[in-house]
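Both counts, for ligands and for their atoms, begin at 1 and track the order of listing.
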Amino acid sequence: MKFDSTEEWKSKIKRVLISEDELRTEMKKAGAYINSVYDGSPILLVSILKGAFVFMADLCREVTVPCEIEFMAAKSYFEGTVSTGHVEITMDLKHDISKYHVIIVEDIIDTGRTLNEIKKILGVRNPLSLRIMTLLDKPDRRVVELKADYSLFTIPDYFVIGYGLDYGEFYRNLPYIAEFSE
Ligand code: IMP
Ligand code: MG
């Protein structure tokens, strides 16, 4: 991905889908959910890089009970724009998760293939419990049955950018979520 100018980069941002204000409001609710469900438990928030890094940073500051934070990096293989379900862990957790209630903090569930694999990989390590929290859910695109335990926003089948989500590694730095103009 290469842009000839900032104007060209900007021209692909079609419209704001979820504003900074809306993100803040839902972030507080998501934090409150974690605070109420897990009070008193050993919690491990696991974010999948890179897409969920902004979400994790904002979410964890709404958590007011003790928690630890970890990152995993996974490479999903794609056929065109659709993931194949083949996932390779390129950076693994350093924790023995059998002593934790694990919450996977993900940016978006599209076909569901990537997270389905990660859920299996973590599941066999016997965490005390395993839940999925996703910033965005595109249920129309699902090909494997996978439901998040908590989803902040459900969106139609648009390709979205910003707030950690990329197109060709760009636009992760936008403070809002926008529809991408192909
Ligand atoms: P899945 O395996 O189809 O659920 O793919 C999930 C991954 O595809 C996400 O973790 C994102 O990295 C990427 N992805 C899916 N939809 C979008 C989108 O609209 N914008 C940016 N990335 C997306
Ligand atoms: Mg991702």
Engineer: Under 6.0 Å from the CD atom of Glu145, do we count more than 12 heavy atoms belonging to anything else shown?
Structural biologist: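 Count not over threshold, so no.
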Engineer: Would you tell me whether Ser19 and Glu22 have side-chain atoms, one donor and one acceptor, within less than 3.5 Å of each other?
Structural biologist: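 Glu22 and Ser19 do have a side-chain donor-acceptor pair below 3.5 Å.
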Engineer: Relative to atom 11 (C) of ligand 1, which among Ile109, Asp110, Ile108, Val87 owns the nearest non-hydrogen atom?
Structural biologist: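 Heavy atom nearest to atom 11 (C) of ligand 1 belongs to Ile108.
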Engineer: So which bit of Tyr77 gets within less than 4.0 Å of ligand 1, heavy atoms only: side chain, backbone, both or neither?
Structural biologist: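 Neither part.
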Engineer: Take every heavy atom of Gly51, measure it against each atom of ligand 1, and state whether any distance is under 4.0 Å.
Structural biologist: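 Distance cut 4.0 Å: Gly51 fails for ligand 1.
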Engineer: Between Ser98 and Asn126, does any side-chain donor sit less than 3.5 Å from a side-chain acceptor?
Structural biologist: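 On atom types as modelled, these side chains do not qualify, holding no pair under 3.5 Å.
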Engineer: Below 4.0 angstrom from a heavy atom of Arg113, which ligand 1 atoms are there? Numbered from 1 as shown, please.
Structural biologist: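 Reading through ligand 1 atom by atom, the close ones are 2 (O), 4 (O).
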Engineer: For the pair Tyr77 and Glu88, evaluate side chain to side chain donor-acceptor pair (under 3.5 Å) and give the outcome as yes or no after the intermediate values.
Structural biologist: CA-CA 8 Å; Tyr77 288 82; Glu88 194 186 315; 2.6 Å; yes
Engineer: Short list, please: which atoms of ligand 1 are under 4.0 Å from a heavy atom of Leu165?
Structural biologist: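 Checking each atom against Leu165, I get 20 (N), 21 (C), 22 (N).
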Engineer: Quick check on Phe78 - does any of its heavy atoms sit under 4.0 Å from an atom of ligand 1?
Structural biologist: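 Checking ligand 1 against Phe78, which is what was asked, there is a heavy-atom contact under 4.0 Å.
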Engineer: Report the C-alpha separation of Asp58 and Tyr163 in whole Å, then their side-chain angles, then the decisive distance to 0.1 Å, and conclude whether the side chain to side chain donor-acceptor pair (under 3.5 Å) test is met.
Structural biologist: CA-CA 10 Å; Asp58 281 349; Tyr163 200 76; 2.6 Å; yes
Engineer: Where does the angle between the aromatic ring planes of Tyr167 and Phe180 fall among parallel (under 30°), tilted (30 to 60°) and perpendicular (over 60°)?
Structural biologist: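 The rings of Tyr167 and Phe180 lie parallel, inter-plane angle below 30°.
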Engineer: Report yes or no: does a heavy atom of Asp166 sit under 4.0 Å from some atom of ligand 1?
Structural biologist: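 It does, in that a heavy atom of Asp166 comes within the 4.0 Å cut-off of ligand 1.
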Engineer: Pull out every atom of ligand 1 sitting under 4.0 Å from any heavy atom of Glu106, numbered as shown with elements.
Structural biologist: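 So the answer, numbered in order with elements, is 10 (O).
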Engineer: Geometry only, no angles: is Gly112 polar-contacting ligand 1 at N/O separations under 3.5 Å?
Structural biologist: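 So ligand 1 has an N or O lying under 3.5 Å from an N or O of Gly112.
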Engineer: Hey, is Lys138 one of the residues with a heavy atom under 4.0 angstrom from ligand 1?
Structural biologist: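 Judged by the 4.0 Å heavy-atom criterion, Lys138 does count as contacting ligand 1.
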Engineer: Take Thr134 and Leu152 through the test side chain to side chain contact (heavy atoms under 4.5 Å, CB included) and record every step on the way to the result.
Structural biologist: CA-CA 7 Å; Thr134 187; Leu152 281 69; over 6 Å; no
Engineer: What atoms in ligand 1 come closer than 4.0 Å to a heavy atom of Ser83?
Structural biologist: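 Answer for ligand 1: 1 (P), 2 (O), 3 (O), 5 (O).
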Engineer: Out of Val160, Thr111, Thr134, Ile48, who is nearest to atom 3 (O) of ligand 1 when you count heavy atoms only?
Structural biologist: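 Result: the heavy atom closest to atom 3 (O) of ligand 1 is in Thr111.
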Engineer: Quick one, Thr114 and Glu117 - any side-chain contact, counting heavy atoms below 4.5 Å?
Structural biologist: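 No - every pair of side-chain heavy atoms lies 4.5 Å or more apart.
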Engineer: Checking side-chain contact (heavy atoms from CB on, under 4.5 Å) against Arg131, which of Val102, Val37, Val105 comes through?
Structural biologist: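 Considering Val102, Val37, Val105, a side-chain contact (heavy atoms from CB on, under 4.5 Å) with Arg131 is found only for Val37.
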Engineer: So is Tyr167 touching ligand 1 or not, going by heavy atoms under 4.0 Å?
Structural biologist: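 Flag not set, Tyr167 not near ligand 1.
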Engineer: Given Asp107, Thr114, Asn116, Leu49, identify the one with the heavy atom nearest to atom 10 (O) of ligand 1.
Structural biologist: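 Selected option, by shortest heavy-atom distance: Asp107.
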Engineer: For Tyr158, counting its heavy atoms only, list the atoms of ligand 1 lying under 4.0 Å from any of them.
Structural biologist: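 Contacts of ligand 1 toward Tyr158, numbered from 1: 19 (O).
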Engineer: Scan side-chain atoms only and decide if Ser83 and Thr111 contain a donor-acceptor pair under the 3.5 Å cut-off.
Structural biologist: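 There is such a pair between these side chains.
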